[in-house]
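Each remark here refers to the structure printed beneath this line.
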Amino acid sequence: MRALARRGLGLSFLLLALAAAPWNAALAQVTVTINGNVAHADISLVSGLQTYDGEVTITFDSPTDLTAAGLNLTAQLVNPTDPAITARLPSGVSVDPAFPVLITVEPTAIERIFASGMETGETGEGNLRFVNAYDFEIHTHELVFVPGTSYRVFKAPLSGAFFDITADVTNGSVRGRGRSGGFSQFMMVSDTRAETLLGLPVIALGKLVDLELRLVAAILGNVLRLELAGLLTNVQLALLSLNYATALVQIDLFILRVNQEAGTGIANVWRSQRDLVNDAGDLDGLARSLRYSIARLNGGP
């Protein structure tokens with residue numbers, strides 16, 4: 001009886017210890033599989049008695065050397081009230097305690113001397129390479145989807161400020177998608193900021209500014225730069241006049257022209273050596289997130 005009592009007491013202490021485990025002591029299980037141009041990660045994070053499950057799917061355009069090890073996808077739990085996290089988010093954007101998961105994708109760059117034998121989809125260098133933008137999807141049943149949901153996919157450089165890359169959010173339970181031309185950290189967050197302020201579409205206008213700045217930084221010919229800048233000016237004028245249907249037409253033309261010029265007039269390659277700038281992928285991702293915001297203003301989901 002005493003032995004049983006001691007076992008019961010020990011189990012109680014173990015459960016209490018698990019329940020009190022800090023966020024950074026969570027047990028992480030991330031399983032990454034590769035199928036053609038798609039990387040899929042099953043994520044299961046345990047903290048105390050709570051388990052947080054989710055999936056990440058990354059769909060690449062013409063990747064080479066795409067391997068689970070080379071992709072280097074990891075996940076960890078964060079404390080939603082930790083200043084180290086909240087300081088990286090815009091005011092009005094927060095981490096839902098039901099899914100406080102930080103996903104990091106930092107593909108490894110390896111020297112050629114360490115590369116293994118070639119397989120299908122490999123160059124022999126062992127370094128991930130892709131063109132244009134990738135689709136990034138976070139899916140979890142820990143969150144509940146409602147029409148007009150505030151959940152968004154945010155992205156950040158390592159330890160940097162997060163910004164919205166959402167291109168779509170659907171149910172199942174919550175499935176958020178975005179596009180980008182580079183990595184590295186991602187979160188599903190709740191964005192409760194007002195989409196309009198004093199009658200102006202402030203979120204969309206903010207995304208437009210970010211897109212304009214990225215266009216300025218891109219290496220382009222003068223004729224193409226003027227054409228794309230003109231399309232963004234048309235978007236701005238339409239937004240300021242609250243003509244969202246016209247704004248959608250103009251941003252769609254911008255996306256079309258970026259994709260048409262990708263690889264010829266616009267640099268469109270990313271590789272894990274990080275010696276190339278994927279202007280086309282970044283422009284496409286920012287433009288599609290702006291389109292999502294405009295579509296919502298125009299009565300979309």
Side-chain angles (χ1 to χ4, degrees), residues 85-96 133 136 138 143 145-157 160-170 174 176-181 186-218 220 224-259 279-301:
I85 295 296
T86 58
R88 299 174 62 190
L89 296 169
S91 177
V93 178
S94 61
V95 177
D96 192 322
F136 191 94
I138 302 175
L143 304 175
F145 178 87
V146 296
T149 180
S150 65
Y151 292 121
R152 301 287 184 272
V153 178
F154 271 49
K155 175 180 180 286
F162 279 93
F163 60 94
D164 188 0
I165 65 165
T166 309
D168 194 19
V169 182
T170 59
V174 173
R177 301 184 184 92
R179 286 172 63 83
S180 185
F186 306 83
M187 294 192 79
M188 181 83 78
V189 298
S190 176
D191 187 350
T192 57
R193 295 175 296 174
E195 293 183 284
T196 61
L197 183 64
L198 300 177
L200 293 176
V202 288
I203 297 297
L205 287 171
K207 288 185 178 182
L208 176 60
V209 170
D210 291 339
L211 180 54
E212 289 173 330
L213 291 174
R214 186 62 185 83
L215 179 62
V216 169
L220 305 174
L224 179 58
R225 185 183 303 278
L226 287 173
E227 178 191 355
L228 294 176
L231 290 172
L232 294 186
T233 297
N234 293 342
V235 174
Q236 181 185 49
L237 293 173
L239 288 175
L240 292 175
S241 63
L242 310 185
N243 189 342
Y244 302 130
T246 296
L248 283 173
V249 170
Q250 295 301 309
I251 196 61
D252 282 343
L253 286 174
F254 180 91
I255 294 170
L256 174 64
R257 291 296 293 129
V258 167
N259 287 314
D279 289 329
D282 287 346
L283 291 171
D284 178 87
L286 292 172
R288 289 178 189 270
S289 186
L290 171 57
R291 189 193 191 286
Y292 173 75
S293 292
I294 297 173
R296 283 178 55 87
L297 293 166
N298 197 46

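For the numbers below, each heavy atom of this structure counts, side chains included, while hydrogens, waters and symmetry mates do not.
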Return a table of donor-acceptor pairs under 3.5 angstrom between the side chains of residues 201-211 and protein atoms on other chains or two or more places apart.
unit_1: Lys207; atom_1: NZ; unit_2: Asp164; atom_2: OD2; d: 3.0
unit_1: Lys207; atom_1: NZ; unit_2: Ser289; atom_2: O; d: 3.2
unit_1: Lys207; atom_1: NZ; unit_2: Ser289; atom_2: OG; d: 2.9
unit_1: Lys207; atom_1: NZ; unit_2: Ser293; atom_2: OG; d: 2.8

Just how far is it from atom [atom1] of [X] to atom [atom2] of [Y], taken to the nearest 0.5 Å?
| X | Y | atom1 | atom2 | answer |
| --- | --- | --- | --- | --- |
| Thr246 | Ile251 | OG1 | CD1 | 13.0 Å |
| Thr166 | Ile138 | OG1 | CD1 | 9.0 Å |
| Leu286 | Ile165 | CG | CD1 | 9.0 Å |
| Arg288 | Ile255 | CZ | CD1 | 5.0 Å |

Identify every side-chain donor-acceptor pair in residues 232-239 under 3.5 Å, counting partners at least two apart or on other chains, and give the distances.
unit_1: Thr233; atom_1: OG1; unit_2: Ala229; atom_2: O; d: 3.1
unit_1: Asn234; atom_1: ND2; unit_2: Gly230; atom_2: O; d: 3.4
unit_1: Asn234; atom_1: ND2; unit_2: Gln250; atom_2: OE1; d: 3.0

List in chain and number order the residues that pass side-chain contact (heavy atoms from CB on, under 4.5 Å) with Pro90, two or more places apart in sequence or in another chain; answer none if no residue qualifies.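 Partners of Pro90 under the side-chain contact (heavy atoms from CB on, under 4.5 Å) test: Val93, Phe154, Arg193.
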I'd like to check the side-chain contact (heavy atoms from CB on, under 4.5 Å) partners of Asp279; sequence neighbours left out, ordered by chain and number.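 Per chain and number, Asp279 pairs via side-chain contact (heavy atoms from CB on, under 4.5 Å) with Arg214, Ala218, Ile219, Ile266, Ala267, Val277.
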Side chains of [X] and [Y]: does their closest heavy-atom pair fall under 4.5 Å?
| X | Y | answer |
| --- | --- | --- |
| Arg257 | Leu224 | yes |
| Leu297 | Leu242 | no |
| Leu143 | Met188 | yes |
| Thr192 | Ser94 | no |
| Phe162 | Lys155 | no |
| Arg177 | Val153 | no |

Salt bridge (charged side-chain N to carboxylate O under 4.0 Å, His left out): which pairs involve residues 291-301, sequence neighbours left out?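 Matches after skipping sequence neighbours: Glu195-Arg296, Asp252-Arg291.
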What pairs with Phe186 under ring pair (Phe, Tyr, Trp, His ring centres under 6.0 Å), at least two apart in sequence or on another chain?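 So Phe186 forms a ring pair (Phe, Tyr, Trp, His ring centres under 6.0 Å) with Phe136.
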To check you understand the geometry: which heavy-atom pair defines the closest contact between Phe254 and Leu283, and what is its length?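 Heavy atoms of Phe254 and Leu283 come nearest at CE2-O, 4.2 Å.
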Partners passing side-chain hydrogen bond (donor to acceptor under 3.5 Å, both in side chains) against [X] (at least two apart in sequence or in another chain):
| X | value |
| --- | --- |
| Thr86 | none |
| Thr149 | none |
| Ser190 | Ser150 |
| Arg225 | none |

Among residues at least two apart in sequence or on other chains, which ones pass salt bridge (Lys or Arg N to Asp or Glu O under 4.0 Å) with Arg179?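 Checked Arg179 against salt bridge (Lys or Arg N to Asp or Glu O under 4.0 Å); matches are Asp135, Asp284.
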Checking Asp96 now: which residues fulfil salt bridge (Lys or Arg N to Asp or Glu O under 4.0 Å) with it, not counting sequence neighbours?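 Residues passing salt bridge (Lys or Arg N to Asp or Glu O under 4.0 Å) with Asp96: none at all.
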Verdict with supporting geometry, Phe163 and Arg88, side chain to side chain contact (heavy atoms under 4.5 Å, CB included): CA-CA 9 Å; Phe163 60 94; Arg88 299 174 62 190; over 6 Å; no
